[in-house]
Amino acid sequence: MKDYSTQYKILKRKLPNINFNRILKLVLVFILFINSCREGTELQKKENEEQTTWMFTIAILRSQGNCKVRELKNETEILSCDRRPRGLCTVEEKILSQGEITKQISDARKFTDSNVNCLESVIASEILNLKPTTETEKTEIYSKFFYETVNSCEEVGMILLDGEELANLDKYLFLVSVPGKIGRSANTLRNFPLSTTSTKEKANDCFMKNFSEKEREILEDFRKGKTILSKKL
């Protein structure tokens with residue numbers, strides 16, 4: 001069996017300037033550092049996976065259900081239901097801030113910038129007349145409107161008429177958006193019997209040029225009452 005201690009002593013004599021004990025300590029520290037980095041990376045990976053799972057679970061919960069709204073009006077209770085899921089079923093939708101209004105007006109101006117014939121439709125949508133909700137109005141809203149997430153509108157007694165459709169979430173969000181509001185106004189103006197010829201032509205131009213075929217179909221179904229935003233219970 002080789003005498004490694006003898007070889008170590010010989011090597012040490014040949015390399016007198018090298019501190020072997022220090023090298024061994026540095027190697028040990030390096031190994032410990034690598035292991036701690038690996039453990040830290042694995043821990044961070046585990047935390048990221050847990051966070052992703054939690055966010056995914058929250059997203060699923062927020063996307064489930066329909067929205068039941070209870071309104072108190074003149075001592076009468078009015079119930080309605082729509083397809084908004086848990087994440088959007090909130091009384092806060094009735095509260096408008098100045099920032100939200102500014103954004104809506106900015107989006108509306110994009111229509112007139114791209115097509116001046118959309119101006120009358122933008123005005124008719126009343127987006128330009130929006131005002132921030134005051135504290136007094138907030139108090140009144142909170143005392144009159146109550147939102148509740150339910151499994152489905154059908155489960156709480158909603159009955160649709162033949163040929164009637166409760167707008168799904170995608171259609172709902174489009175119809176209440178700035179483009180949806182302008183599109184609804186344009187479609188109403190171009191079909192309204194008392195609109196002047198000029199108004200009808202401008203509204204029709206806005207409707208045909210600024211909205212896709214799919215959007216026009218949604219807007220037309222809404223105008224005809226085939227697609228509705230909410231249904232009274």
Before you tell me yes or no, could you show the steps for Q104 and L96 under side chain to side chain contact (heavy atoms under 4.5 Å, CB included), namely the whole-Å CA-CA distance, both residues' side-chain angles and the distance that decides it to 0.1 Å?
CA-CA 11 Å; Q104 289 196 42; L96 273 178; 3.9 Å; yes
**Asked** After noting the C-alpha distance and the side-chain angles of K202 and D205, does the key distance pass the salt bridge (charged side-chain N to carboxylate O under 4.0 Å, His left out) rule?
**Response** CA-CA 5 Å; K202 291 177 181 179; D205 185 73; over 6 Å; no
task: Go through C206 and C118 one step at a time and tell me if the disulfide bond (SG atoms under 2.5 Å apart) criterion holds.
output: CA-CA 5 Å; C206 179; C118 287; 2.1 Å; yes
Under 3.5 Å, which donor-acceptor pairs link side chains of residues 168-177 to any protein atom two or more places apart or in another chain?
unit_1 : atom_1 : unit_2 : atom_2 : d
N168   : OD1    : D170   : N      : 3.3
N168   : OD1    : K171   : N      : 2.9
K171   : NZ     : E165   : OE1    : 3.2
K171   : NZ     : E165   : OE2    : 3.2
Y172   : OH     : R84    : NE     : 3.3
S177   : OG     : F174   : O      : 2.6
S177   : OG     : G180   : N      : 3.2

Side-chain donor-acceptor distances from residues 144-153 under 3.5 Å, at least two apart:
unit_1 : atom_1 : unit_2 : atom_2 : d
K144   : NZ     : E140   : OE2    : 2.9
Y147   : OH     : E93    : OE2    : 2.5
N151   : ND2    : E155   : OE1    : 3.4
S152   : OG     : E155   : N      : 3.2

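The minimum heavy-atom distance linking A167 with R83 is given by the pair O-CG, 3.0 Å. Closest non-hydrogen pair, S230 versus D82, comes out as CB-CB, 4.0 Å. For the residue pair V178 and A108, the shortest heavy atom distance occurs at CG1-N, 3.8 Å. Looking at every heavy atom in both residues, T112 comes nearest to L119 through CG2-CA, 3.8 Å. The two residues C89 and K68 make their nearest non-hydrogen contact at SG-N, 4.3 Å. Shown here for E77 and R70, the closest heavy-atom pair between the two residues is OE2-CD, 2.6 Å.
We find that E220 and R223 are joined by a salt bridge, their nearest charged nitrogen and carboxylate oxygen being less than 4.0 Å apart. Salt-bridge check for K110 with D113: failed, with every basic side-chain N at 4.0 Å or more from each acidic carboxylate O. The residues R216 and E213 are annotated as not salt-bridged, no charged nitrogen and carboxylate oxygen being separated by less than 4.0 angstrom.
In E71, the CD atom is crowded: over 12 heavy atoms of neighbouring residues, nucleotides or ligands sit closer than 6.0 Å.
In the hydrophobic clustering of this structure, L88 does not group with I228; members are Ile, Leu, Val, Met, Phe, Trp, Tyr whose side-chain heavy atoms approach within less than 4.5 Å, directly or through other members.
A donor-acceptor pair under 3.5 Å links the side-chain atoms of N115 to the main chain of N117, judged by distance alone.
With sequence neighbours excluded, the residues forming a ring pair (Phe, Tyr, Trp, His ring centres under 6.0 Å) with F111 are F211, listed by chain and number. Under the side-chain hydrogen bond (donor to acceptor under 3.5 Å, both in side chains) criterion, S97 pairs with E100, not counting sequence neighbours.
Judged as a side chain to side chain donor-acceptor pair (under 3.5 Å), the pairs with a partner in residues 119-128 (not counting sequence neighbours) are, in order, E120-T199. Screening residues 213-233 for ring pair (Phe, Tyr, Trp, His ring centres under 6.0 Å) gives no qualifying pairs among residues at least two apart or on separate chains.
Between T134 and E137, the side chains place a donor N or O and an acceptor N or O closer than 3.5 Å (distance only, hydrogens not considered).
With a 4.5 Å cut-off on side-chain heavy atoms, T133 and K94 do not count as touching.
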